[in-house]
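Notes for the one structure printed next.
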Amino acid sequence: MNKKQATLFKILLALFALNSITLYLYFSSSHHHHDNRRDTTAEGFPAIIPHRGPHLSKPWPIIPSYLPWSLTSNVPSKSCEAYFGNGFTKSADVLPAKAAVRSGSSWFRCHYSWTLRSSICEGGKIRMDPGKIKMSRGGEKLEDVIGRTEDEEMPEFEDGAFDVEAEGRGSRSKTKKLVGEEFLNEFLPVGNVVKHTMRELVRSIVVVGETDFTCQEWVEEPTLLITRFEYANLFHTVTDWYSAYVSSRVTGLPNRPHLVFVDGHCETQLEETWKALFSSLRYAKNFSGPVCFRHAVLSPLGYETALFKGLSEDIDCQGASAHDLWQSPDDKKTARLSEFGEMIRDAFGFPVNRHHSDKTVSGHYNILFVRREDYLAHPRHRGKVESRLSNEQEVFDSLQKWASDHQECKVNLVNGLFAHMSMKEQVRAIQDASVIIGAHGAGLTHIVSATPNTVILEIISSFFRRPHFQLIAQWKGLEYHAINLDGSYANPGVVIDRLNKIMRSLGC
């Protein structure tokens with residue numbers, strides 16, 4: 001090797017070493033998800049919210065439709081981002097974080113959305129006393145609590161059900177509420193909610209001194225506090241999932257949070273998805289005594305999400321790809337529901353980059369027929385599901401024969417008996433479907449996790465004409481068709497004719 005070659009070799013070796021060091025520093029200092037989150041340590045003070053690392057909390061996945069959730073004040077009111085993303089632009093520091101850092105006491109703030117008329121509140125060093133929350137224990141097996149009333153399951157908060165510690169408060173000081181009625185009306189308005197449990201939770205928070213702030217247990221990881229109403233209904237539970245997801249992103253949590261249900265509902269099949277989406281799940285009454293949270297986030301009610309509000313107000317948004325919106329932002333378009341659907345699929349270990357073409361590699365088209373069937377939903381349920389399609393079995397049998405006789409391409413009709421399938425199996429059936437068909441019913445809410453280019457065909461009884469699934473399809477950018485019935489009987493020939501047109505549009 002001559003001198004010139006030796007010099008060149010040394011240069012290459014140095015470049016290789018420099019590249020290796022750079023890669024090492026990058027991967028050792030970065031999470032493997034998007035690194036554009038806000039610092040959740042209350043203005044960056046690690047003394048308030050310590051983070052123990054990813055081994056205690058599930059990391060956020062990398063998903064194609066993700067867009068940054070930066071908290072800014074320039075999100076236009078009534079825009080799609082204000083409805084589905086981070087429109088929580090008005091903040092109030094009730095207990096400022098900087099003062100809390102100096103004293104080691106609590107901090108508390110709320111982020112208000114003018115568009116949704118609701119708040120995401122969060123705080124550090126918050127104590128919950130389950131003994132001051134009147135409700136059933138929660139988390140029981142359904143068969144053990146048959147007949148229990150809804151009122152027994154909904155929380156009633158005594159003053160001091162939640163406490164915060166403030167500097168200068170003595171043990172004999174007069175009880176002081178954290179916020180008054182004026183604050184509650186401004187940041188947590190009742191709206192159309194008959195029993196606003198999150199408002200009542202915040203109303204119960206009392207300010208105490210250091211000597212009165214005692215805990216049997218500390219929860220170090222960021223935790224969402226959630227109250228649910230129609231917890232056994234898939235549509236309403238999806239609104240709760242979405243509210244929890246948005247709350248996690250708006251508050252910039254570095255990993256998927258842990259959950260505490262502040263209600264007394266029994267177990268349902270839907271808890272499988274709660275546990276898949278988030279890091280862990282406990283019921284408030286399962287704690288044996290006062291428990292303190294380093295960082296607690298109060299998730300708004302599902303009724304306060306765009307998914308529910310869209311049933312009564314015009315939310316004129318169209319689904320679009322995150323890539324297109326990143327290149328050309330548009331206040332009338334959103335990719336947030338696609339992002340959320342990918343989050344659900346990833347939570348169950350399914351690929352998040354599948355499109356229609358991936359489903360038909362083998363030449364098969366899956367047509368998923370979402371069925372309604374009898375099952376016991378909750379303690380007050382009789383196990384009978386109201387029919388939305390009086391001849392559902394006849395329609396299914398006709399479709400089965402049509403699929404077996406189909407000559408143009410191979411069609412596989414999937415019998416979507418969701419009540420007797422695990423949540424993971426249900427999500428798998430949704431993601432594998434080229435066409436999803438069904439009568440109007442909560443099971444169709446699963447289209448929120450459908451892949452792009454999936455086609456939706458809803459059969460709508462004249463007794464149940466509501467826009468739930470048309471709106472979800474619109475907000476996700478999915479092709480949607482409806483067969484509006486005169487009554488609840490569907491002519492199988494009409495259904496098959498509509499399916500034939502859809503299949504031809506898919507190239508079949």
Side-chain angles (χ1 to χ4, degrees), residues 233-239 306-308 310-312 314-319 337-338 341 356 359 365-373 385-400 402-403 411 413-419 421 426-427 429-506:
N233 176 283
L234 180 62
F235 174 78
H236 290 285
T237 299
V238 168
T239 68
L307 286 165
F308 185 81
L311 300 177
S312 57
D314 183 24
I315 302 179
D316 184 20
C317 294
Q318 297 291 329
L337 280 193
S338 294
H356 167 67
K359 303 176 190 178
Y365 288 82
N366 281 345
I367 298 178
L368 172 63
F369 194 114
V370 178
R371 309 287 298 274
R372 287 179 63 82
E373 54 182 329
V385 174
E386 187 176 10
S387 174
R388 307 287 172 85
L389 181 58
S390 59
N391 64 325
E392 181 181 287
Q393 188 61 49
E394 179 189 5
V395 172
F396 178 78
D397 292 342
S398 297
L399 290 178
Q400 207 164 34
W402 166 81
V411 173
L413 183 67
V414 179
N415 192 4
L417 296 170
F418 281 1
M421 295 166 63
Q426 293 177 41
V427 174
I430 290 290
Q431 74 148 14
D432 288 344
S434 297
V435 181
I436 299 171
I437 179 174
H440 181 91
L444 282 180
T445 317
H446 270 305
I447 66 174
V448 76
S449 56
T451 58
N453 300 317
T454 302
V455 181
I456 313 301
L457 175 57
E458 182 181 5
I459 303 173
I460 307 175
S461 161
S462 59
F463 309 118
F464 298 98
R465 287 201 176 138
R466 303 209 61 195
H468 298 67
F469 313 114
Q470 179 183 359
L471 288 172
I472 294 175
Q474 172 186 319
W475 297 331
K476 276 182 62 72
L478 300 177
E479 183 179 331
Y480 172 88
H481 302 268
I483 299 175
N484 290 298
L485 306 179
D486 183 11
S488 61
Y489 177 88
N491 184 327
V494 172
V495 179
I496 290 172
D497 181 62
R498 186 65 67 88
L499 263 181
N500 273 324
K501 292 178 180 177
I502 291 172
M503 297 309 295
R504 283 196 294 271
S505 72
L506 296 177

side-chain contact (heavy atoms from CB on, under 4.5 Å) for Gln393 and Arg371? Distances and angles first, verdict last. CA-CA 9 Å; Gln393 188 61 49; Arg371 309 287 298 274; 2.8 Å; yes
Got a second to check how far Ile436's CD1 is from Ile367's CD1, nearest 0.5 Å? 11.5 Å
Using a 3.5 Å distance criterion without hydrogens, assess whether the side chain of Ser390 forms a donor-acceptor pair with backbone atoms of Ser488. yes
Show, in sequence, the C-alpha distance, side-chain angles and deciding distance for Leu413 and Trp402, and conclude whether the side-chain contact (heavy atoms from CB on, under 4.5 Å) test is met. CA-CA 9 Å; Leu413 183 67; Trp402 166 81; over 6 Å; no
For the student: nearest non-hydrogen atoms of Val427 and Ser449, plus distance: CG1-OG, 4.3 Å
Determine whether Trp475 and Ile315 make a side-chain contact, defined as any pair of heavy atoms from C-beta on separated by less than 4.5 Å. yes
With side chains defined as the heavy atoms from C-beta onward, is the minimum distance between Leu389 and Arg372 less than 4.5 Å? no
Side chains of Arg498 and Ile483: closer than 4.5 Å at any heavy-atom pair? yes
Roughly how far, to the nearest 0.5 Å, is the CG atom of Leu417 from the CD atom of Gln426? 10.5 Å
Testing the basics here: between Ala473 and Ile456, what is the closest heavy-atom pair and its distance to 0.1 Å? CB-CG1, 4.4 Å
Tell me the closest heavy-atom pair linking Val495 and Ala490, and the distance in Å. CG2-CB, 4.3 Å
Among Asn233, Ile472, Thr445, exactly one meets side-chain contact (heavy atoms from CB on, under 4.5 Å) together with Val238. Which residue is that? Thr445
Under the criterion side-chain contact (heavy atoms from CB on, under 4.5 Å), I'd like the reasoning laid out for Ile460 against Phe469: C-alpha separation, chi angles, the key distance, then a yes or no. CA-CA 11 Å; Ile460 307 175; Phe469 313 114; over 6 Å; no
Residues Leu485 and Ser462: closest non-hydrogen pair is O-CB, 3.4 Å
Set out, in order, the CA-CA distance, both residues' side-chain angles and the distance that settles side-chain contact (heavy atoms from CB on, under 4.5 Å) for Phe235 and Leu311, then state yes or no. CA-CA 12 Å; Phe235 174 78; Leu311 300 177; 4.1 Å; yes
For the side-chain contact (heavy atoms from CB on, under 4.5 Å) test, which of Thr454, Val435, Val414, Val411 pairs with Asn366? Val414
For His236, does its backbone N or O pair with a side-chain atom of Thr239 as donor and acceptor, under 3.5 Å? yes
For the residue pair Leu471 and Gly310, what are the closest heavy atoms and their distance? CD1-O, 3.3 Å
Starting at CE of Met503, measure out to CG of Asn500 and round the result to the nearest 0.5 Å. 8.5 Å
To the nearest 0.5 Å, how far apart are CD in Glu392 and OH in Tyr489? 13.5 Å
Quick one: pull up OG in Ser461 and CG in Asp486 and give me the separation to the nearest 0.5 Å. 9.5 Å
Side-chain contact test, heavy atoms from C-beta onward, threshold under 4.5 Å: evaluate it for Leu444 versus His468 and give yes or no. no
A side-chain contact here means heavy atoms from C-beta on lying under 4.5 Å apart; do Val395 and Phe369 qualify? yes
Are Gln318 and Gln474 packed together at the side-chain level, in the sense that at least one heavy-atom pair is separated by less than 4.5 angstrom? yes
Nearest 0.5 Å, what's the CD1-CZ distance between Ile502 and Arg504? 10.5 Å
Restricting to non-hydrogen atoms, name the atom on Tyr365 and the atom on Leu506 that form the minimum distance, rounded to 0.1 Å. OH-O, 3.3 Å
Mark yes or no: Arg466 above the aromatic ring of Phe464, with NZ or CZ under 6.0 Å from the six-membered ring centre and no more than 45 degrees from the axis. no
